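Each chain gets a letter, A, B and so on, in the order its sequence line appears, and its residues count up from 1. Quantities reported herein were computed from a predicted structural model and do not represent experimental measurements. What's counted below: heavy atoms across the whole structure, side chains too, no hydrogens, waters or symmetry copies.
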Amino acid sequence: MIPLSWYLILAAALFCIGLYGVLARKNAVAILMGIELMLNAVNINLVAFWRYRTPEMIAGQAYAVMVFAVAAAEVAVGLALIISIYRRRSTIVADDIDMLKF
Amino acid sequence: MTPLQIIFLITSVGILGSALMVVTTRNLVHAALWLVVSLFGVAVLYVMLSAAFLAVAQVVIYIGAIAILMIFAIMLTRRVAKDSGPQTNPNWTWAVVVAAALFGGLTWLLSSWNGFSTPIPELSSRADPLSQLGQALVSPNAYVLPFEVASVLLLSALIGAIMVAWDRRSG
């Protein structure tokens, strides 16, 4: 059988790959993709803990559903912002979007 | 090695390999397609964890909606997507260091926890996670309030997205 540790290590690796994407990529859409990978790693952890530790309670799955909803909201707002910035400034390179810097 | 373990290993290699392609490939459209592969692998994991509803929701929401939205956004900003030059920050080595350190720290921390290699418990034969989840999401004793708050959050986020992306010059 598969022990819990396999899922946890896979989720940790996926989270770190997503973190690298968020930190290293220039393009704002690619940064959002890294965030999606991190959210998926969190969801794997939630469902694995539910299945291995408390299969009689449903809290882990219910929380994963909430994460889905929040991820959808985050992507919708994030992409709208990116498209709006692209229309005004013709760039979606995160380093060039520095209007709030002073 | 049992067949389930082999399936798990193949799936995890697929997930991690395509996730690496997502964060390293230069062409953003390819990155979005690799993201679809990675998300599909996560759906397979949900099936292995007997979370059938989440597997279907993963395919419908993540692959069907979020990944397609990403592809649309990439195509709308296409001139930049084809940008030549490096696709990473100049200090990307620090990102590698941070990610590797976090992975090492997480693995070390988890391996010192005594529940780390818990074997999988049997689901009782009359337990039905799907109907349990459905009832928990609408039951006042369980998660109806977070569920409704998440619905309102999604609605307001979508209206906000329309307002933010509205092109005022043309309409």
- request: Indicate, with yes or no, if B:L110 and A:M38 share a hydrophobic cluster defined by side-chain heavy-atom contacts under 4.5 Å among Ile, Leu, Val, Met, Phe, Trp and Tyr.
  value: yes
query: Of all of B:A67, B:P146, B:A100, B:A136, which one pairs up most often with chain A through heavy atoms under 4.5 Å apart?
result: B:P146
- prompt: What are the two closest non-hydrogen atoms of A:R51 and B:L49, and how far apart are they?
  reply: CD-O, 3.2 Å
- prompt: Do the side chains of A:Y20 and B:V96 get nearer than 4.5 Å, heavy atoms only?
  reply: yes
message: Using heavy-atom distances under 4.5 Å, tell me whether A:A41 contacts chain B through its side chain, its backbone, both, or neither.
response: neither
field: Which portion of B:A65 sits near chain A, non-hydrogen atoms under 4.5 angstrom
entry: neither
- request: Examine B:Y62 together with A:F68 and report whether their ring centres are nearer than 6.0 Å.
  value: yes
field: Pairwise side-chain contact, B:L153 with A:V70, heavy-atom cut-off 4.5 Å (strictly under)
entry: yes
task: Might you point out which heavy atoms bring A:M66 and B:A150 nearest each other, and give the distance in Å?
output: SD-CB, 4.0 Å
- line: Of all heavy-atom pairs linking A:V65 and B:F53, the shortest is CG2-CE2, 4.0 Å
message: If you apply the rule side chain to side chain contact (heavy atoms under 4.5 Å, CB included), what do you find for B:I66 with A:M33, and how did you get there?
response: CA-CA 10 Å; B:I66 293 180; A:M33 286 186 202; over 6 Å; no
task: Among B:S151, B:A99, B:S156, single out the residue with the greatest number of heavy-atom pairs under 4.5 Å to chain A.
output: B:A99
query: When only heavy atoms count and the cut-off is under 4.5 Å, which of residues 13-23 of chain B reach chain A?
result: B:I15, B:L16, B:A19, B:L20, B:V22, B:V23
message: Quick check on the interface: out of A:C16, A:G21, A:A59, who has the most heavy-atom pairs with chain B under 4.5 Å?
response: A:C16
message: Suppose we screen for side-chain hydrogen bond (donor to acceptor under 3.5 Å, both in side chains). Which residues come up paired with A:N40, at least two apart in sequence or across chains?
response: B:Q58
- request: Kindly indicate, with the supporting measurements, whether the criterion side chain to side chain contact (heavy atoms under 4.5 Å, CB included) is fulfilled by B:Q135 and A:I58.
  value: CA-CA 10 Å; B:Q135 281 168 4; A:I58 206 68; over 6 Å; no
message: At a heavy-atom distance under 4.5 Å, which candidate from A:I83, A:L79, A:V77 has the highest pair count against chain B?
response: A:L79
Within-4.5 Å side-chain heavy-atom neighbours: B:M70 and A:E36: yes
message: Assigning hydrophobic clusters by single linkage (Ile, Leu, Val, Met, Phe, Trp, Tyr; side-chain heavy-atom cutoff under 4.5 Å), is B:L109 placed with A:L46?
response: no
field: Under 4.5 Å side-chain linkage, directly or through intermediates, the cluster mates of B:M163
entry: none
query: Is there side-chain contact between A:W6 and B:Q5, with at least one heavy-atom pair below 4.5 Å?
result: yes
Minimum side-chain heavy-atom gap A:F15-B:L102 below 4.5 Å: yes
query: What part of B:A32 gets closer than 4.5 Å to chain A, counting heavy atoms only: side chain, backbone, both or neither?
result: both
- line: chain A shares the most heavy-atom pairs under 4.5 Å, among B:L54, B:I61, B:T2, B:L35, with B:L54
Interchain contact, A:L19 with chain B, by part (heavy-atom threshold 4.5 Å): side chain
- prompt: A:L10 versus chain B, heavy atoms under 4.5 Å apart: side chain, backbone, both or neither?
  reply: both
statement: Okay, A:W50 and chain B: the region with an atom under 4.5 Å from a heavy atom over there is side chain
statement: Here the pair of heavy atoms bringing B:L106 nearest to A:A12 is CD1-CB, 3.9 Å
query: Do you know which two heavy atoms are closest between A:A76 and B:L69, and how far apart they sit?
result: CA-CD2, 4.3 Å
Residue, of A:I44, A:L81, A:I82, that accumulates the most heavy atom pairs under 4.5 Å with chain B: A:I44
task: Examine B:I6 and B:F8 and state if one hydrophobic cluster contains both, with Ile, Leu, Val, Met, Phe, Trp and Tyr joined whenever side-chain heavy atoms are less than 4.5 Å apart.
output: yes
query: Restricting to pairs with a member in residues 69-92 of chain A, which pass salt bridge (charged side-chain N to carboxylate O under 4.0 Å, His left out), not counting sequence neighbours?
result: A:R87-B:D167
task: Could you look at B:S38 and say if it's the side chain, the backbone, both or neither that has a heavy atom under 4.5 Å from chain A?
output: side chain
message: When you compare the side chain of B:L45 with that of A:Y7, does any pair of heavy atoms fall below 4.5 Å?
response: yes
- request: Step through it carefully: locate the ring centre of A:Y63, locate the ring centre of B:Y143, and say whether they are under 6.0 Å apart.
  value: no
- prompt: Can you name the nearest heavy-atom pair linking A:A69 to B:L154, along with the distance?
  reply: O-CD1, 3.5 Å
statement: Okay, A:I31 and chain B: the region with an atom under 4.5 Å from a heavy atom over there is neither
